[in-house]
Amino acid sequence: MLDVDFFRRWMAAAAAAVDREADRLTELDSAIGDADHGSNMQRGFAAVTAVLEKEDPQTPGAVLVLAGRQLISTVGGASGPLYGTLLRRTGKALGDAPAVTDQQLAEAFASGVAAVGQLGGAQAGDKTMLDALLPGVEALGTSYAAAREAAEAGATATVPMQARKGRASYLGERSIGHQDPGATSSALLIATLAESYERGGGGS
Amino acid sequence: MLDVDFFRRWMAAAAAAVDREADRLTELDSAIGDADHGSNMQRGFAAVTAVLEKEDPQTPGAVLVLAGRQLISTVGGASGPLYGTLLRRTGKALGDAPAVTDQQLAEAFASGVAAVGQLGGAQAGDKTMLDALLPGVEALGTSYAAAREAAEAGATATVPMQARKGRASYLGERSIGHQDPGATSSALLIATLAESYERGGGGS
Amino acid sequence: MRMLINVPETVVADALRGIAAAHPELTVDVDNRVVVRRDAPVAGKVGLVSGGGSGHEPLHAGFVGPGMLSAACPGEVFTSPVPDQMVRAAAAVDSGAGVLFVVKNYTGDVLNFEMAAELAEDEGVQIAKVLVNDDVAVTDSLFTAGRRGTGATLFVEKIAGAAAEEGAPLERVEAIGRRVNEASRSFGVALSSVTTPAKGSPTFDLPPGELELGIGIHGEPGRERRPMMTSGEIADFAVDAILEDLRPDNPVLLLVNGMGATPLLELYGFNAEVQRVLSERHVVVARTLVGNYVTSLDMAGCSVTLCQVDEELLRLWDAPVETPALRWGR
Amino acid sequence: MRMLINVPETVVADALRGIAAAHPELTVDVDNRVVVRRDAPVAGKVGLVSGGGSGHEPLHAGFVGPGMLSAACPGEVFTSPVPDQMVRAAAAVDSGAGVLFVVKNYTGDVLNFEMAAELAEDEGVQIAKVLVNDDVAVTDSLFTAGRRGTGATLFVEKIAGAAAEEGAPLERVEAIGRRVNEASRSFGVALSSVTTPAKGSPTFDLPPGELELGIGIHGEPGRERRPMMTSGEIADFAVDAILEDLRPDNPVLLLVNGMGATPLLELYGFNAEVQRVLSERHVVVARTLVGNYVTSLDMAGCSVTLCQVDEELLRLWDAPVETPALRWGR
Ligand SMILES: Nc1ncnc2c1ncn2[C@@H]1O[C@H](COP(=O)(O)OP(=O)(O)O)[C@@H](O)[C@H]1O
Ligand SMILES: Nc1ncnc2c1ncn2[C@@H]1O[C@H](COP(=O)(O)OP(=O)(O)O)[C@@H](O)[C@H]1O
Ligand SMILES: [Mg+2]
Ligand SMILES: [Mg+2]
Ligand SMILES: [Mg+2]
Ligand SMILES: [Mg+2]
């Protein structure tokens with residue numbers, strides 16, 4: 001079972017990963033966007049860390065709902081509402097259980113990803129975060145490691161795509177040949193989920 | 001005797017020299033001024049060429065008065081009124097004689113240089129055009145070649161000076177080590193005078 | 001980095017403190033990042049709220065005041081604001097007559113304003129929205145995020161603001177805002193890249209002697225790169241790009257806008273060329289505005305915006321306005 | 001070269017055509033380079049004429065209009081205008097009440113305006129002059145050309161312009177202009193060099209990570225080069241340099257001026273720091289103006305100008321003004 005500590009560790013690992021990779025994310029966003037994805041994610045996850053510390057939520061669902069709300073309130077841009085919705089909807093789907101199964105998380109995460117699709121109107125192949133999230137959540141039914149690999153492969157697969165959503169779509173064909181920053185951060189988010197699982201298991 | 005053609009040739013030679021050296025004059029003005037001395041002189045002497053063509057003055061004095069008035073009306077900056085006054089006053093001193101002696105020119109030019117000193121309030125050693133004009137006009141009593149050499153030496157001698165007049169004076173000690181653009185163009189003006197003399201003599 | 005800043009993290013907050021000090025006629029909530037005209041809410045008047053990433057100043061905070069915006073919500077540099085800001089702004093300016101959100105068409109702005117609208121309506125504020133999407137450099141199709149909002153934002157905010165000031169009800173202010181947007185088109189050109197404080201180096205690499213055609217206002221690269229063109233050639237290109245999409249029968253408002261680092265001297269010279277092209281194309285210019293209004297930090301470049309106007313829109317354009325950046329009439 | 005121009009030779013003429021197109025309220029003589037308010041000469045009113053090298057826009061043409069300048073004479077880029085321009089301007093604005101020349105203290109401007117004054121007086125126009133010399137970075141001694149005229153020009157033109165608009169006679173307008181100049185001091189900082197169209201490459205070489213302290217507005221290098229400073233440190237340095245020379249007991253007008261390429265976002269942030277320093281030094285700020293007003297083409301950087309005011313000067317500052325770049329009151 002995955003308890004509240006597991007979800008805190010995940011968020012902490014995500015914050016650390018985003019910190020570490022911020023420059024790379026911004027660099028990717030320079031090529032086909034506006035050079036802020038790294039600092040957006042950094043600002044958001046720093047705020048998540050702070051609010052989790054301060055409000056000390058007691059269930060997996062509460063952790064993710066709070067984290068999502070905080071992203072919405074601090075990130076802005078396209079990624080703020082989208083990542084905020086991802087975590088909030090995932091958290092809502094987890095309800096108020098004190099601990100959840102791998103299977104429950106996989107299902108809840110799937111509903112979070114679906115909400116991202118609905119909110120942003122993007123589909124697989126549009127060169128967005130969904131290109132990492134969709135394969136990632138699909139493989140989550142198999143294993144965390146498989147999810148990580150699938151998400152990473154999904155992010156890499158955005159390189160040859162022409163963007164059809166978000167800022168990169170303004171570039172038309174010039175968006176081809178660059179990896180999507182949001183897909184890259186989504187792969188990070190799923191990698192830190194796998195990492196949290198491998199490092200400490202479900203915590204119980 | 002120096003006839004009206006001599007003065008036309010001088011002005012044409014000055015215009016050509018200024019054209020040729022414009023970039024260098026501007027470069028010098030970049031170091032201790034505002035990077036416009038070359039284009040100022042170029043614009044002014046192009047206008048002088050045009051107005052002499054158009055109005056066709058018939059005496060040495062009239063050529064220089066017209067050239068000076070034209071510099072005043074087209075150059076602007078510090079160099080416009082100063083060079084304009086130099087030529088205008090020199091021309092006025094020549095009166096309306098159809099041709100003048102070397103001696104008369106030397107005296108008239110001396111009164112033009114004096115007028116520059118009066119108008120701008122600068123003295124020898126202030127790192128201005130006067131540092132080429134004063135030794136140049138002094139040596140004009142001896143020969144045109146001597147005047148050219150003295151003016152050139154005077155321009156070179158401005159390098160170690162600290163400017164006390166004009167824009168370069170704002171730099172304080174940072175003006176030291178650069179040759180004054182106005183002294184450089186004054187040396188050019190005197191060199192073209194010598195050149196006109198050597199090439200064609202007084203024309204009669 | 002050639003920036004006049006303390007640290008990148010406080011750039012927006014520092015600017016808001018500076019706006020507060022310079023403009024006593026505005027109420028500036030630095031912590032919550034909301035700039036409100038001091039006399040808000042004005043009884044019976046529809047509120048106008050806009051906002052977007054910072055780095056486009058004077059847009060939007062410089063357009064807050066009588067005759068234009070009621071409030072502005074500045075986000076981080078080039079990052080749309082968060083919903084909390086718009087909710088707070090809406091609450092501050094609503095007199096009961098409702099609030100119009102003016103939203104530039106970027107995924108981030110659209111999503112954040114949408115969330116804000118839901119939350120504000122939950123709090124009992126009636127919300128309408130106008131989406132600004134005037135940039136002809138972007139194909140408006142299902143396969144893009146749609147045209148970007150750029151220079152027309154100024155026209156929408158000014159003209160809808162004048163309608164609100166006159167006491168028009170929410171649906172009318174919204175309809176006028178829509179009409180202005182539909183009648184407006186823009187095209188932008190970059191002569192240099194842009195450097196954000198957070199990144200500290202240019203977003204894209206533009207060697208001197210080349211330019212980007214069809215840029216946005218966030219340092220996104222344009223659609224095409226070309227060898228440097230003259231001011232006249234750029235005017236031809238930009239105006240023709242606009243006229244392909246908008247063929248005005250009526251007179252137009254013309255905005256010749258600087259991206260931030262282009263000297264006003266050059267901008268006025270460019271205006272002369274734009275006017276030449278428009279007159280060659282038989283487009284009548286009713287009013288011209290030249291200056292740095294919808295900027296992109298330290299980018300050198302310019303944009304052209306046309307807005308076709310009828311008598312009503314022209315009257316509302318001419319109506320008095322009293323903001324830090326636009327001010328006329330009596 | 002990242003310039004929005006046709007060819008360097010026509011930059012000023014092109015800009016004048018653009019000004020003419022954008023501002024029907026001005027009469028622009030492109031060939032003779034004179035910009036005059038349309039209703040000049042105004043019966044009984046003293047005329048105000050200024051001018052100087054181009055590249056400082058909106059100074060001076062952007063300050064022509066009711067309550068400020070009667071006419072402006074733009075020279076070539078960074079080159080003072082020629083006497084013919086000022087003579088023509090004086091003739092166009094003189095109603096018989098005389099004309100005040102507002103002259104920035106540069107050798108070129110001083111000499112050309114002096115010649116113009118003589119010629120205009122020959123033509124029967126009574127001329128008075130105010131010399132603006134506010135830049136504390138330059139030692140004002142017999143061994144320099146004296147302090148440069150920079151930001152205070154705006155204060156002199158606005159306040160003397162208001163006095164003229166009220167109908168004050170020439171001697172009074174002149175005296176008020178002098179008082180404003182004497183009560184004003186400026187200090188400027190460059191974060192980048194400047195590129196003139198004619199030269200096409202930077203006037204001086206300023207590597208990123210360094211700044212020039214005590215610069216003028218023509219790309220003259222400053223008095224000192226230092227490693228990059230924060231906005232707060234620059235504010236401390238600039239304000240203290242001014243206060244060494246001017247210790248205001250009265251409230252001040254504050255101009256936080258951009259050199260042209262510094263984003264307004266940064267300029268407002270800098271204003272916050274300037275206000276902090278002033279309040280630490282117990283200087284009371286009566287009015288603040290933030291923006292690009294006295295610029296140096298594409299230079300990044302800023303300047304600070306303080307003008308100590310009594311009640312009369314403050315009233316004249318607040319008086320209505322209606323020009324392209326400054327506009328308020330009713
Ligand atoms: N409509 C959308 N649906 C899903 N993801 C999107 C959409 N639009 C943009 N994104 C994602 O957001 C990322 C950009 O995020 P960010 O740079 O933080 O925001 P912004 O584009 O507002 O600057 C893109 O790389 C892309 O993955
Ligand atoms: N007061 C003065 N007296 C004599 N010459 C001067 C004076 N001030 C400046 N100059 C000369 O003028 C030159 C600069 O001319 P220019 O660059 O054309 O004008 P500006 O300084 O107005 O840009 C200087 O190099 C100097 O020789
Ligand atoms: Mg981005
Ligand atoms: Mg010069
Ligand atoms: Mg962004
Ligand atoms: Mg000059």
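Labels below follow one simple rule: chain letters A, B, ... track the order of the sequence lines, proteins then strands, and each chain is numbered from 1.
- At a 4.5 Å heavy-atom cutoff, the contact between Glu224(C) and chain A is made by backbone atoms alone.
- The closest side-chain heavy-atom distance from Met86(C) to Leu119(C) is not below 4.5 Å.
- Closest non-hydrogen pair, Lys199(C) versus Ala35(A), comes out as CD-CB, 3.8 Å.
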Starting from the C-alpha separation in whole Å, work towards a yes-or-no answer on side chain to side chain contact (heavy atoms under 4.5 Å, CB included) for Leu306(C) and Phe187(C). CA-CA 9 Å; Leu306(C) 299 185; Phe187(C) 190 87; over 6 Å; no
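- Applying a 4.5 Å heavy-atom cutoff, the residues of residues 46-84 of chain A that approach chain C are Ile72(A), Ser73(A), Thr74(A), Val75(A), Gly76(A), Gly77(A), Ala78(A), Pro81(A), Leu82(A).
- The distance from atom CE of Met11(A) to atom OG1 of Thr192(A), rounded to the nearest 0.5 Å, is 6.5 Å.
- Side-chain atoms of Asp14(C) and Thr10(C) include a donor-acceptor pair closer than 3.5 Å.
- Look at Glu195(A) and Arg199(A) and you find a salt bridge, because one of the NZ, NE, NH1 or NH2 atoms lies within 4.0 Å of a carboxylate O, short of that distance.
- Interface summary for chain A: among Thr79(C), Val138(C), Val110(C), Thr107(C), the most heavy-atom pairs under 4.5 angstrom belong to Thr79(C).
- Salt-bridge formation is not detected for the pair Arg147(C)/Asp135(C): no Lys NZ or Arg NE/NH1/NH2 atom is positioned less than 4.0 Å from an Asp or Glu carboxylate oxygen.
- Residue contact with chain A, scored on non-hydrogen atoms closer than 4.5 Å, involves the backbone and the side chain of Val82(C) alike.
- Of the listed residues (Pro83(C), Gly216(C), Gly214(C), Gly52(C)), the one with the most heavy-atom contacts under 4.5 Å to chain A is Pro83(C).
- Taking the charged nitrogens against the carboxylate oxygens, Arg24(A) and Glu21(A) do have a contact shorter than 4.0 Å, which makes a salt bridge.
- Neither the backbone nor the side chain of Arg33(C) comes within contact range of chain A, judged by heavy atoms closer than 4.5 Å.
- A salt bridge links Arg174(A) with Glu212(C): the distance from a Lys NZ or Arg NE/NH1/NH2 to an Asp or Glu carboxylate oxygen falls below 4.0 Å.
- With a 6.0 Å cutoff to the six-membered ring centre and a 45° limit on the axis angle, Arg148(C) counts as a cation-pi contact of Tyr170(A).
- With a 4.5 angstrom heavy-atom cutoff, Asp84(C) touches chain A only via side-chain atoms.
- Only the backbone of Ala163(A) has a heavy atom closer than 4.5 Å to any heavy atom of chain C.
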Trace of the side chain to side chain contact (heavy atoms under 4.5 Å, CB included) decision for Phe6(A) with Leu193(A): CA-CA 9 Å; Phe6(A) 172 83; Leu193(A) 173 63; 3.7 Å; yes
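- For Ala31(A), the part lying under 4.5 angstrom from a heavy atom of chain C is the backbone only.
- Among Thr85(A), Ile32(A), Leu171(A), Leu119(A), the residue with the largest count of heavy-atom pairs under 4.5 Å with chain C is Leu171(A).
- Residue Val194(C): no heavy atom, backbone or side chain, is found under 4.5 Å from chain A.
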